[in-house]
A.B. asks: 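For reference, the structure I am asking about is given below.
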Amino acid sequence: VQLQASGGGLVQAGGSLRLSCAASGRTFRRSGMGWFRQAPGKEREFVAAISWPGGSTYYADSVRGRFTISRDNAKNTVYLQMNSLKPEDTAVYYCAAMSGGTYYSSSDYYTRDLYDYWGQGTQVTVSS
């Protein structure tokens with residue numbers, strides 16, 4: 001069970017980045033997927049999530065309208081397109097997976113503790 005995040009980097013405010021998270025088949029199949037982020041000295045917070053097979057998406061208020069989560073089930077990959085980036089978006093971004101085959105309510109996707117598998121994180125730095 002592995003999640004491999006990539007795509008982070010340094011970008012100026014107003015710029016864009018696309019994060020990718022490649023998952024092993026067992027993790028990805030029938031699993032809700034999420035992105036979280038953690039800035040220095042802060043708690044890890046929810047950013048976005050997508051249900052299996054992708055009909056529902058969820059966003060934190062701070063990123064709604066700027067970030068888009070999507071998934072390619074044939075490639076076992078989930079993406080986070082980040083536009084109009086702000087310095088306050090600077091953080092380590094983690095992808096995470098829920099257990100497959102379990103029913104989750106909409107509110108569950110925002111709950112960090114319900115994600116069973118985590119990637120290693122990728123750094124996003126937005127300069128002003």
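Computed from a prediction, not measured in an experiment: that's the story for all the values here.
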A.B. asks: In the single-linkage hydrophobic clustering (I, L, V, M, F, W, Y; side-chain heavy atoms under 4.5 Å), do W35 and Y79 co-cluster?
C.D. replies: no

A.B. asks: I'd like to check the salt bridge (Lys or Arg N to Asp or Glu O under 4.0 Å) partners of E45; sequence neighbours left out, ordered by chain and number.
C.D. replies: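 Counting only residues at least two positions away or on another chain, E45 forms a salt bridge (Lys or Arg N to Asp or Glu O under 4.0 Å) with R37.
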
A.B. asks: Which heavy atom of S16 sits nearest a heavy atom of N83, and at what distance?
C.D. replies: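 For S16 and N83, the tightest heavy-atom pair comes out as OG-OD1, 2.9 Å.
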
A.B. asks: Which heavy atom in S84 sits nearest to a heavy atom in R66, and how many Å separate them?
C.D. replies: O-NH1, 2.9 Å

A.B. asks: For the residue pair A48 and L80, what are the closest heavy atoms and their distance?
C.D. replies: CB-CD1, 4.1 Å

A.B. asks: Check the hydrophobic clustering (I, L, V, M, F, W, Y; side-chain heavy atoms under 4.5 Å; chains of links allowed) and say if V124 and V78 are grouped together.
C.D. replies: yes

A.B. asks: Kindly write out the residues that satisfy salt bridge (Lys or Arg N to Asp or Glu O under 4.0 Å) with D61, not counting sequence neighbours, or none if the list is empty.
C.D. replies: R64

A.B. asks: Under the side-chain contact (heavy atoms from CB on, under 4.5 Å) test, which residues partner V11, sequence neighbours left out?
C.D. replies: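 L17, L85, V126.
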
A.B. asks: Does T125 reach the main-chain N or O of T90 with its side chain, forming a donor-acceptor pair under 3.5 Å?
C.D. replies: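 Between the backbone of T90 and the side chain of T125 there is no qualifying donor-acceptor contact (under 3.5 Å).
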
A.B. asks: For the residue pair S31 and S99, what are the closest heavy atoms and their distance?
C.D. replies: OG-C, 4.0 Å

A.B. asks: Working to the nearest 0.5 Å, report the span between CD of Q2 and CG of N76.
C.D. replies: 12.5 Å

A.B. asks: Distance-only, no hydrogens or angles: does the R71 side chain make a donor-acceptor pair with backbone N or O of G32 under 3.5 Å?
C.D. replies: no

A.B. asks: Rounded at 0.5 Å granularity, tell me how far CD1 in I69 sits from OG in S56.
C.D. replies: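 Interatomic distance, I69 CD1 to S56 OG, rounded to 0.5 Å: 11.5 Å.
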
A.B. asks: To the nearest 0.5 Å, how far apart are CE in M98 and OG1 in T111?
C.D. replies: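 The CE atom of M98 sits 7.0 Å away from the OG1 atom of T111.
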
A.B. asks: Scan side-chain atoms only and decide if S105 and D108 contain a donor-acceptor pair under the 3.5 Å cut-off.
C.D. replies: yes

A.B. asks: Quick one: side-chain contact (heavy atoms from CB on, under 4.5 Å) partners of Q120, sequence neighbours excluded?
C.D. replies: Q4, A5

A.B. asks: Nearest 0.5 Å, what's the CG-CZ distance between L19 and F67?
C.D. replies: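 It comes to 8.0 Å.
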
A.B. asks: Got a sec, which pairs hit ring pair (Phe, Tyr, Trp, His ring centres under 6.0 Å) with one end in residues 36-63, sequence neighbours left out?
C.D. replies: F36-F46, F36-Y115, F36-W118, F46-Y110, Y58-Y109, Y58-Y110

A.B. asks: Heavy atoms only: give me the nearest Q38-K42 pair and the separation to one decimal.
C.D. replies: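 Nearest pair, atom of Q38 first, then K42: NE2-O, 3.1 Å.
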
A.B. asks: Got a sec, which residues hit salt bridge (Lys or Arg N to Asp or Glu O under 4.0 Å) with R44, two or more places apart in sequence or on another chain?
C.D. replies: none

A.B. asks: With rounding to the nearest 0.5 Å, note down the distance linking CD in E88 to OG in S128.
C.D. replies: 10.0 Å

A.B. asks: Can you tell me how far apart OH (Y117) and SG (C95) are? Round to the nearest 0.5 Å.
C.D. replies: 13.5 Å

A.B. asks: Do Y104 and S51 touch side chain to side chain, with heavy atoms closer than 4.5 Å?
C.D. replies: no

